[in-house]
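This report concerns only the one structure given below.
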Amino acid sequence: MARTEVDRDKNPRDNAKEAARLRLNVTLYRVMAYVTGTILIVLCVFAIAQAFTNDEGIVNAIGTVHGLLYIVYLIVSYPLTRRLRLPVWPTVAVLLAGTIPVMTFVVERRISHRYIEPALADVTVRLPGRYGSFSSSTQR
């Protein structure tokens with residue numbers, strides 16, 4: 001099970017900041033996983049279609065875009081794996097998922113269920129009385 005850096009002994013404001021950072025990091029990871037995976041599928045479709053045409057320009061352009069997006073994906077996903085303190089193999093799976101068509105979707109779903117959702121549930125933070133509460137769900 002993944003542990004986050006939220007510490008019960010810390011100042012509640014520091015915990016709230018860490019919770020916000022984790023949520024932002026998870027959102028960026030999910031966006032980049034879906035964008036990178038979609039572009040990789042498009043690249044594969046055009047690479048297959050290239051066998052029937054003589055136009056290499058589109059595949060080169062999409063390949064370059066995918067390469068740049070994959071670098072951004074790595075920049076976004078590595079800090080998330082460290083923040084969640086993932087073991088080695090899930091970290092490798094997350095980082096390499098952008099190189100195999102459809103794997104970003106599969107890995108994102110598995111990482112979300114196994115590590116991200118428990119970590120997000122862990123960072124529900126209550127601030128002291130006069131500040132109200134800060135959590136991922138609405139307090140009633």
Side-chain angles (χ1 to χ4, degrees):
M1 179 79 42
R3 298 177 318 248
T4 60
E5 295 177 14
V6 174
D7 187 3
R8 303 290 180 227
D9 298 331
K10 280 185 175 177
N11 180 356
R13 288 188 184 275
D14 293 338
N15 285 343
K17 287 180 184 177
E18 181 58 34
R21 283 188 204 112
L22 178 62
R23 285 188 193 97
L24 176 64
N25 202 196
V26 167
T27 301
L28 290 173
Y29 164 70
R30 286 181 173 158
V31 167
M32 287 310 302
Y34 286 114
V35 169
T36 304
T38 303
I39 293 295
L40 184 57
I41 291 170
V42 170
L43 175 63
C44 290
V45 167
F46 276 100
I48 292 169
Q50 181 183 349
F52 304 107
T53 64
N54 289 331
D55 188 18
E56 296 178 3
I58 294 175
V59 174
N60 289 339
I62 295 173
T64 302
V65 169
H66 169 69
L68 294 172
L69 289 173
Y70 181 65
I71 291 170
V72 174
Y73 170 78
L74 290 175
I75 291 169
V76 168
S77 61
Y78 184 73
L80 178 66
T81 62
R82 296 300 84 213
R83 181 167 279 137
L84 293 174
R85 298 179 182 160
L86 296 183
V88 173
W89 290 115
T91 299
V92 170
V94 168
L95 297 178
L96 291 180
T99 61
I100 302 168
V102 185
M103 282 305 290
T104 55
F105 307 112
V106 173
V107 170
E108 188 274 331
R109 201 49 19 213
R110 287 192 180 168
I111 293 297
S112 288
H113 289 304
R114 184 151 185 186
Y115 298 104
I116 293 174
E117 288 172 3
L120 287 175
D122 246 4
V123 296
T124 301
V125 177
R126 292 181 186 263
L127 294 176
R130 69 178 203 160
Y131 298 109
S133 64
F134 177 85
S135 69
S136 60
S137 63
T138 307
Q139 298 289 326
R140 296 193 192 249

With rounding to the nearest 0.5 angstrom, report the [atom1] to [atom2] distance, [X] to [Y].
X	Y	atom1	atom2	answer
Y29	L24	OH	CG	15.0 Å
I111	R30	CD1	CZ	11.0 Å
L69	L74	CG	CG	11.0 Å
E108	H113	CD	NE2	8.0 Å
L86	R114	CG	CZ	10.0 Å

>> The criterion is side chain to side chain contact (heavy atoms under 4.5 Å, CB included); which residues satisfy it with R110, sequence neighbours excluded?
In response: V106
>> I'd like to check the side chain to side chain contact (heavy atoms under 4.5 Å, CB included) partners of D55; sequence neighbours left out, ordered by chain and number.
In response: T53, I58
> Closest approach of A119 and L84, non-hydrogen atoms and distance?
Replying inline: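 That would be CB-CD2, 3.4 Å.
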> Can you get from I100 to V59 by hopping between Ile, Leu, Val, Met, Phe, Trp and Tyr side chains that sit under 4.5 Å apart?
Replying inline: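 Yes, same cluster.
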Donor-acceptor list for residues 88-96 side chains, cut-off 3.5 Å, not counting sequence neighbours:
| unit_1 | atom_1 | unit_2 | atom_2 | d |
| --- | --- | --- | --- | --- |
| T91 | OG1 | R82 | NH2 | 3.2 |
| T91 | OG1 | P87 | O | 2.9 |

For residues 38-50, which side-chain donor-acceptor pairs fall under 3.5 Å, sequence neighbours excluded?
| unit_1 | atom_1 | unit_2 | atom_2 | d |
| --- | --- | --- | --- | --- |
| T38 | OG1 | Y34 | O | 2.7 |

>> Show me the pairs that pass side chain to side chain donor-acceptor pair (under 3.5 Å) and involve residues 66-80, at least two apart or across chains.
In response: none
> Do T36 and V72 have side chains that get closer than 4.5 Å, going by heavy atoms?
Replying inline: no
> When clusters are formed from ILVMFWY side-chain contacts under 4.5 Å, directly or step by step, what else is grouped with I75?
Replying inline: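 Direct or chained contacts put I75 with I71.
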> When V76 is tested against each of L28, V26, T27 for side chain to side chain contact (heavy atoms under 4.5 Å, CB included), which residue passes?
Replying inline: L28
